Amino acid sequence: MSGKSFYVPIASFFVGVAISSLGDSFIQLLVSCSFLIACCIWFKTRFSICALGIAFCLFGFVRMELTESGGHSFDVYVGEKVELRGTVCDAPQPKETSLRFCFESEGSSDRILVVSGRYPEFAYGDKLRIAGRLELPKNFESYKDGPEIDYASYLAKDGIRYVMYRPKIEKLGDGDGN
């Protein structure tokens, strides 16, 4: 495999990722694929390498689109009161005056960080019905004029996309964990 045929797919994938991060316009993708075709013609690259580059550019674009916007079923309910059934998906973290736990709703892979009163306590695998206002996590400063903490990304590493503060909680059962 020549050097050119090795770098074209890799560079094309990253071009697709970069284009997706600039905006979510499919026209941008078409323009970049046209640019790739023009580059392949200009540098007299074989058609198969050019087609491979376009395929990898499309793959990079689609991969980022699915990662950023796909599968978040609760986006339309942000800021509204909702009632959900689901399971406590991780060990709760008791604090001095509150209890924090991960909640996964039935029929969705989106996870919610629930911040409730300290009592009653819940455990991993408890089946619950929660009712409250669904919010997106907000970034904050660690101290006055300090650096901003990217709280949304911190929660996203655990698959948590939403936050619900002090919801009404009803325990429906237990032992639904792994």
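The structure presented is a predicted model; accordingly, all values stated were derived computationally and were not measured.
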Note to self: Leu136 vs Val163, test: side-chain contact (heavy atoms from CB on, under 4.5 Å). Steps then yes/no.
What the structure shows: CA-CA 6 Å; Leu136 291 174; Val163 180; over 6 Å; no
Margin query: On a heavy-atom basis, which atom in Leu99 and which in Gly117 lie closest, and how many Å separate them?
Written below: CB-O, 3.6 Å
Check: Under 4.5 Å between any side-chain heavy atoms of Glu135 and Tyr162, yes or no?
Finding: no
Check: CG of Leu172 to CD1 of Ile130: how many Å apart, nearest 0.5 Å?
Finding: 11.0 Å
Item checked: Nearest heavy atoms of Ala123 and Val88, plus distance in Å -> O-CB, 3.4 Å
Next item on the list: Considering non-hydrogen atoms only, spot the tightest contact between Phe103 and Val114 and give its length.
Entry: CB-CG2, 3.7 Å
Next item on the list: Please step through side-chain contact (heavy atoms from CB on, under 4.5 Å) for the pair Val82 and Met164, ending with a clear verdict.
Entry: CA-CA 10 Å; Val82 294; Met164 191 179 285; 3.8 Å; yes
Note to self: Please report the interatomic distance CG(Asp126) to CD(Glu121), rounded to the nearest 0.5 Å.
What the structure shows: 10.5 Å
Item checked: Any residue meeting salt bridge (Lys or Arg N to Asp or Glu O under 4.0 Å) with Arg129, in chain and number order, not counting sequence neighbours -> Glu83, Glu170
Checklist line | Point-to-point distance, once rounded to the nearest 0.5 Å, from CZ of Arg133 to CZ of Arg166 | finding: 16.0 Å
Margin query: Is it the case that over 12 heavy atoms from other parts of the model lie below 6.0 angstrom from the NZ atom of Lys171?
Written below: yes
Margin query: Closer than 3.5 angstrom, by distance alone: can the side chain of Arg85 be matched with the main-chain N or O of Ser105 as a donor-acceptor pair?
Written below: no
Margin query: With a 4.5 Å cut-off on side-chain heavy atoms, are Ile169 and Pro167 touching?
Written below: yes
Notebook entry, point to check: Going through the distances and angles, do Ile112 and Phe101 end up as a side-chain contact (heavy atoms from CB on, under 4.5 Å)?
Noted result: CA-CA 8 Å; Ile112 301 167; Phe101 60 90; over 6 Å; no
Note to self: Using side-chain contact (heavy atoms from CB on, under 4.5 Å), reason through Val115 and Arg100 one step at a time and then give a plain yes or no.
What the structure shows: CA-CA 5 Å; Val115 181; Arg100 297 171 177 261; 3.8 Å; yes
Note to self: Under 4.0 Å between a side-chain nitrogen and a carboxylate oxygen: does that hold for Glu104 and Arg111?
What the structure shows: yes
Check: Atom OG1 of Thr97 and atom OH of Tyr119: how far apart are they, to the nearest 0.5 Å?
Finding: 11.0 Å
